[in-house]
Amino acid sequence: GAVVSQHPSRVICKSGTSVKIECRSLDFQATTMFWYRQFPKQSLMLMATSNEGSKATYEQGVEKDKFLINHASLTLSTLTVTSAHPEDSSFYICSALGLSVADTQYFGPGTRLTVL
Amino acid sequence: GENVEQHPSTLSVQEGDSAVIKCTYSDSASNYFPWYKQELGKGPQLIIDIRSNVGEKKDQRIAVTLNKTAKHFSLHITETQPEDSAVYFCAASQLGAQKLVFGQGTRLTINP
């Protein structure tokens, strides 16, 4: 149980385009989802926290107009990287937290974004 | 805010030996401590967690110990196997507060 999926697993795009990443909780309802980014050989950096039906809370230094987060249902959150640039290339990982999984965050498999 | 320090950054052990990874935290209000294993190119996978109302938890070859007074917790892997090779992250949070603070990670290599 407690499976989280992400789509796509890899994406390559041109500079200036927008990319949408989906995060789904497959077997539980996620009241809260989190988005992280991870650079090579580094730890996970929390970007934002989203609760179903409300606006996301962004961490300090994360541009909310660049990283658009939508959590429209209890099983789906999306992260849209707008006007992507090479410095946005990273590994993006979501996690989900639900009442049924008792405060435990379960992570998705990650999305590798490469901006050319 | 909470700060989590993790040591060592790299650890190499012979297959069959034990591995220990240590973390310290700064916020005495933290009461939930999960450990995640991350393989190359994949998302972190929860391997064990502990709440502050217990001092130790074990699951087969993996155990976690918690010392609330000293504000540190450790991951113990016994009888290590090649498939244990990965990056391990500790984290701390307050139950109900949701946000996890991660350590810097430990790259564990099991030598056959």
Side-chain angles (χ1 to χ4, degrees), chain A residues 1-10 21 23-26 30-52 54 56-60 62 71 90-99 101-114, chain B residues 1-11 21 23-25 29-54 57 59 64 75 85-109:
Chain A
V3 179
V4 177
S5 70
Q6 273 183 250
H7 179 80
S9 58
R10 292 177 179 271
I21 303 169
C23 176
R24 293 181 185 274
S25 56
L26 298 185
T31 53
T32 305
M33 286 184 169
F34 305 85
W35 287 95
Y36 296 82
R37 67 188 297 182
Q38 185 178 36
F39 292 108
K41 298 186 178 181
Q42 293 191 21
S43 189
L44 288 81
M45 184 188 79
L46 180 65
M47 299 175 65
T49 302
S50 73
N51 292 294
E52 185 265 337
S54 61
T57 302
Y58 291 81
E59 295 299 300
Q60 191 172 7
V62 178
H71 192 165
S90 189
F91 193 50
Y92 291 87
I93 313 171
C94 71
S95 70
L97 180 67
L99 293 177
V101 292
D103 285 290
T104 300
Q105 282 190 37
Y106 289 91
F107 285 80
T111 297
R112 172 75 57 193
L113 170 64
T114 303
Chain B
E2 175 65 276
N3 182 51
V4 178
E5 296 287 335
Q6 183 173 345
H7 298 281
S9 57
T10 61
L11 179 61
I21 303 170
C23 290
T24 60
Y25 60 98
S30 291
N31 53 14
Y32 175 63
F33 308 94
W35 285 89
Y36 290 88
K37 174 184 181 182
Q38 186 178 28
E39 297 178 346
L40 189 63
K42 298 183 178 180
Q45 177 186 13
L46 179 72
I47 55 171
I48 197 167
D49 58 9
I50 191 168
R51 288 168 170 74
S52 61
N53 57 344
V54 297
K57 184 177 178 181
D59 183 4
V64 57
L75 176 71
S85 294
V87 178
Y88 291 80
F89 291 98
C90 64
S93 76
Q94 296 178 39
L95 289 169
Q98 304 179 339
K99 191 184 296 188
L100 287 174
V101 177
F102 283 88
Q104 296 86 349
T106 297
R107 183 172 299 277
L108 175 63
T109 302

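Numbers restart at 1 for each chain; the letters A, B, ... are given by sequence-line order, proteins then strands.
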Notebook entry, point to check: Is the closest side-chain heavy-atom distance between Y32(B) and T104(A) below 4.5 Å?
Noted result: yes
Notebook entry, point to check: Within a strict 4.5 Å, meaning less than it, do heavy atoms of the I93(A) and P44(B) side chains meet?
Noted result: yes
Next item on the list: Pull out the residues in residues 40-47 of chain A that come under 4.5 Å of chain B, heavy atom to heavy atom, sorted by number.
Entry: K41(A), Q42(A), S43(A), L44(A), L46(A)
Notebook entry, point to check: Nearest 0.5 Å, what's the CG-OH distance between L100(B) and Y36(A)?
Noted result: 4.5 Å
Next item on the list: Carefully, step by step, assess K99(B) and T57(A) under the rule side chain to side chain contact (heavy atoms under 4.5 Å, CB included).
Entry: CA-CA 11 Å; K99(B) 191 184 296 188; T57(A) 302; over 6 Å; no
Next item on the list: To the nearest 0.5 angstrom, please state how far the CZ atom of F102(B) sits from the CD atom of Q38(A).
Entry: 9.0 Å
Next item on the list: Go through the atoms of Q38(B) and report whether side chain, backbone, both or neither lie under 4.5 Å from a heavy atom of chain A.
Entry: side chain
